[in-house]
Amino acid sequence: MIIDPQQVPTERNTNYPEEFKALVAGRIRQRLGNFAGLKNFGVNLVKLEPGSYSALRHWHSHQDELIYVLEGELTLITDAGAEILTPGIAAGFPAGEANGHHLVNRSSSVAIYLEIGDRTPNDQATFPDVENLVTAASPDGKSRKFIHRDGTPY
């Protein structure tokens, strides 16, 4: 199926708990994979406005992720520190590797990247900078619910 990204709806929503929503308010996603009917992995075209985060710093128990920068400059933050990513640079995050990561747009221009991840069932995301936040394992690999580490709802 051929996809014209201009035909794919944009979304700014997040299911993060209220106190974290402002951090990703400048993230605009187009779910190309969903639009194409893909079932086993997702591909998102993401525009990240200046000052915005791609996500809270996180890592996945079962899901692999890859990002590929198309335009602009992004700062990748991992346990190792900060690195600048420019167009043509990719970064991968293997499942089960406890290395929290996210992108931050510290530049004055919008940055654009592809975000690719699988939909492996029973994935749990851990957020090392937020003491009590994790996601509940998702049997379908698609939905996500935020909980405290003791299992109570966030």
Side-chain angles (χ1 to χ4, degrees), residues 1-95 97 99-120 123-130 133-136 138 140-147 154:
M1 166 185 249
I2 295 173
I3 300 168
D4 176 357
Q6 295 198 28
Q7 301 301 312
V8 179
T10 61
E11 50 184 66
R12 287 182 176 260
N13 62 328
T14 179
N15 58 356
Y16 279 143
E18 196 63 42
E19 65 195 83
F20 305 113
K21 288 182 178 185
L23 297 171
V24 296
R27 179 187 68 196
I28 305 160
R29 280 190 181 143
Q30 291 175 280
R31 297 187 183 273
L32 303 179
N34 288 0
F35 194 81
L38 302 183
K39 307 259 186 280
N40 297 315
F41 66 95
V43 179
N44 300 323
L45 180 63
V46 184
K47 293 179 182 174
L48 201 59
E49 295 175 343
S52 189
Y53 290 16
S54 62
L56 295 174
R57 208 165 67 87
H58 67 285
W59 61 274
H60 290 275
S61 63
H62 291 70
Q63 293 182 0
D64 290 324
E65 291 181 282
L66 182 125
I67 59 101
Y68 181 82
V69 180
L70 298 169
E71 293 180 31
E73 180 181 286
L74 292 164
T75 303
L76 171 64
I77 312 268
T78 66
D79 291 348
E83 296 182 63
I84 301 297
L85 305 180
T86 54
I89 302 295
F93 311 100
E97 191 173 291
N99 183 9
H101 58 274
H102 71 161
L103 300 169
V104 179
N105 186 347
R106 294 180 174 168
S107 78
S108 59
S109 302
V110 171
I112 301 173
Y113 64 96
L114 285 174
E115 171 182 81
I116 302 147
D118 69 55
R119 294 180 172 152
T120 305
D123 180 57
Q124 181 174 346
T126 300
F127 302 85
D129 298 333
V130 183
L133 185 66
V134 295
T135 58
S138 172
D140 65 2
K142 296 176 187 173
S143 60
R144 206 168 291 289
K145 181 172 80 173
F146 292 92
I147 59 174
Y154 210 91

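This one's a predicted model, so the numbers in the text were calculated from it and none came from an experiment.
Between Val24 and Ser54, every side-chain heavy-atom pair lies at or beyond the 4.5 Å cut-off. Considering only heavy atoms from C-beta on, Pro9 comes within 4.5 Å of Phe35 through its side chain. Within the 4.5 Å cutoff, the side chain of Pro87 has no heavy atoms near those of the Leu70 side chain. Taking 4.5 Å as the limit, every side-chain heavy atom of Leu45 sits out of range of all side-chain heavy atoms of Val8. Side-chain atoms of Arg106 and Ile77, non-hydrogen and from C-beta on, do get closer than 4.5 Å to each other.
Judged by distance alone, the side chain of Gln63 and the main-chain N or O of Asp123 form no donor-acceptor pair under 3.5 Å. Panel note: side chain Tyr16, backbone Leu56; a donor-acceptor pair is recorded below 3.5 Å. Here the side chain of Glu115 pairs no donor or acceptor atom with the backbone of Val46 at under 3.5 angstrom. Side-chain atoms of Asn105 do not come within 3.5 Å of backbone N or O of Ser52 as any donor-acceptor pair.
Minimum interatomic distance between Trp59 and Gly100 (heavy atoms only, all atoms of both residues): CD1-N, 4.0 Å. Between Val104 and Leu48, the closest heavy-atom pair is C-CD2, 4.4 Å. Here the closest heavy-atom approach between residue Ser109 and residue Ser107 is recorded as O-OG, 3.0 Å. Residues Ala90 and Tyr68 come closest through the heavy atom pair CB-CD1, 3.8 Å. Contact between Arg119 and Gly42 at its shortest, heavy atoms only, is NH2-CA, 3.8 Å. Of all the heavy atoms in Gln30 and Pro5, the pair that sits closest is NE2-O, 2.6 Å.
The 12-atom threshold is not exceeded at CZ of Phe41, counting heavy atoms of other residues, nucleotides or ligands nearer than 6.0 Å. Open room surrounds CD on Glu83; 12 or fewer heavy atoms of other groups in view lie less than 6.0 Å from it. Other residues, nucleotides and ligands place more than 12 heavy atoms under 6.0 Å from the CG atom of Asp4. Crowding of Glu18 atom CD: a count of heavy atoms from other residues, nucleotides or ligands under 6.0 Å not exceeding 12.
For the atom pair CD1 of Ile2 and CD of Gln7, the computed distance is 13.0 Å after rounding to the nearest 0.5 Å. With values rounded to the nearest 0.5 angstrom, Leu38 atom CG is found 8.5 Å from Asn40 atom CG. To the nearest 0.5 angstrom, Thr75 atom OG1 is 3.5 Å from Ile84 atom CD1. Residue Asn99 holds its CG atom at 4.5 Å from OG1 of Thr78, rounded to the nearest 0.5 Å.
A side-chain hydrogen bond (donor to acceptor under 3.5 Å, both in side chains) with Asp129 is found for one member of Arg57, His102, His58 and no other, namely Arg57. A salt bridge (charged side-chain N to carboxylate O under 4.0 Å, His left out) with Glu11 is found for exactly one of Arg29, Arg27, Arg31, namely Arg31.
In this structure, His101 and Phe93 have parallel ring planes: the angle between them is below the 30° cut-off, well short of the 60° mark.
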*Check against side-chain contact (heavy atoms from CB on, under 4.5 Å), Leu32 and Asn44*: CA-CA 5 Å; Leu32 303 179; Asn44 300 323; over 6 Å; no
_What verdict does the side-chain contact (heavy atoms from CB on, under 4.5 Å) test give for Ile67 and Leu85, after you've listed the backbone C-alpha separation in whole Å, the side-chain angles of each residue and the deciding distance to 0.1 Å?_
CA-CA 10 Å; Ile67 59 101; Leu85 305 180; 3.7 Å; yes
